[in-house]
Amino acid sequence: MRTSHCTASAIIALVVLAQVATAQDSSLARSMARPVLTMEDIFGRPEPPKTLQVNDQVTVVVNVNTRVLSEGSSEVRRRQQFNAVLADWLKLDGLSLKPAPQPDGDPQVDGQLNHRTVNESEVDTRDSLTFTIRATVTSVRPNGTMVIEAHRVIENNEEVWKHSLWGIIHRDAVAADNTVLSKDIADLRIVKNEHGEVRDGYRRGWLARLYQKFQPF
């Protein structure tokens, strides 16, 4: 009786182990069959680059900061000596020229010239330009780059501000909200002109511009 009881217990234990193993295998299979999440599933698939055609418009965000620092100095020294003697002189006798004697001796000039020029200059300029402007695509090149152009005129009483912009952009530089940063524009050219009372207050006159151009002294 004791031997039969032990054999039955062993059989029951083997059956339980087999069931546990089967349950673990089925759980592992279900976990392996579960799909793996990707970055696109979490954040969504990125939008393809925007395709622009001629006459389409983009918003350009201009943010340009420049600083130019230039220093220079020069020194020029000259020393000249000259000695000139007028050995012969002419006089007019009627319609003919004849030698004119010099009873007091030949005229003579003896001199010395010393010249020294010292120039020192330093230029430190800082410019900051920040604004947004709507630009139009004027042409599309075969390689996918686009030429853009923008113009804007703002008038406030007697004050007038004119902004113009040209450049080349790639379609990858156009964001989802149809904006382009100025740092992503190739061959960028920005022209800013001001007219009015404020501009008249600090602009140079024509005589000052002429003097600075030719530097007579």
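The structure presented is a predicted model; accordingly, all values stated were derived computationally and were not measured.
We find the CZ-CH2 distance between R152 and W161 to be 11.0 Å, quoted to the nearest 0.5 Å. Atom CZ of R134 and atom CD of Q57 lie 5.0 Å apart (nearest 0.5 Å). Atom-to-atom distance recorded for I168:CD1 and D184:CG is 14.0 Å, nearest 0.5 angstrom. Interatomic distance, OG1 of T66 versus CZ of R126, reported as 11.0 Å (0.5 Å rounding). With rounding to the nearest 0.5 Å, the separation of CD1 in I148 from CD1 in I169 is 4.5 Å. Atom-to-atom distance recorded for R79:CZ and Q81:CD is 5.5 Å, nearest 0.5 angstrom.
The ring pair (Phe, Tyr, Trp, His ring centres under 6.0 Å) analysis of residues 119-155, with sequence neighbours excluded, yields the pairs F131-H163, H151-W166.
Through direct or indirect side-chain contacts shorter than 4.5 Å among Ile, Leu, Val, Met, Phe, Trp and Tyr, L181 is connected to V61.
The shortest non-hydrogen separation linking S139 to V54 is CA-CG2, 4.0 Å. Here the closest heavy-atom approach between residue Q53 and residue D56 is recorded as N-OD2, 2.7 Å.
A heavy-atom distance below 4.5 Å is found between the side chains of R141 and V147. Put simply, the side chain of V64 does not reach to within 4.5 Å of the side chain of T130, judged on heavy atoms. At a threshold of 4.5 Å between non-hydrogen side-chain atoms, the residues V137 and N55 do not count as touching. Side-chain contact between I154 and V160 is absent, with no heavy atoms from C-beta onward closer than 4.5 Å. Between R116 and E75 the shortest side-chain heavy-atom distance falls below 4.5 Å.
The closest donor-acceptor contact from the side chain of T138 to the backbone of E149 lies at 3.5 Å or more, if one exists at all. Side chain of N157 to main chain of E159: no donor-acceptor pair is present (N/O by atom type, distance under 3.5 Å, no hydrogens or angles).
Surrounding CG of D187 are at most 12 heavy atoms belonging to other residues, nucleotides or ligands under 6.0 Å away. Within 6.0 Å of the CD atom in Q108, the count of heavy atoms belonging to other residues, nucleotides or ligands exceeds 12.
No donor-acceptor contact under 3.5 angstrom links the side chains of S182 and N63, judged on distance only.
E194 has no carboxylate O lying under 4.0 Å from a charged side-chain N of K162, or vice versa, which leaves the two without a salt bridge.
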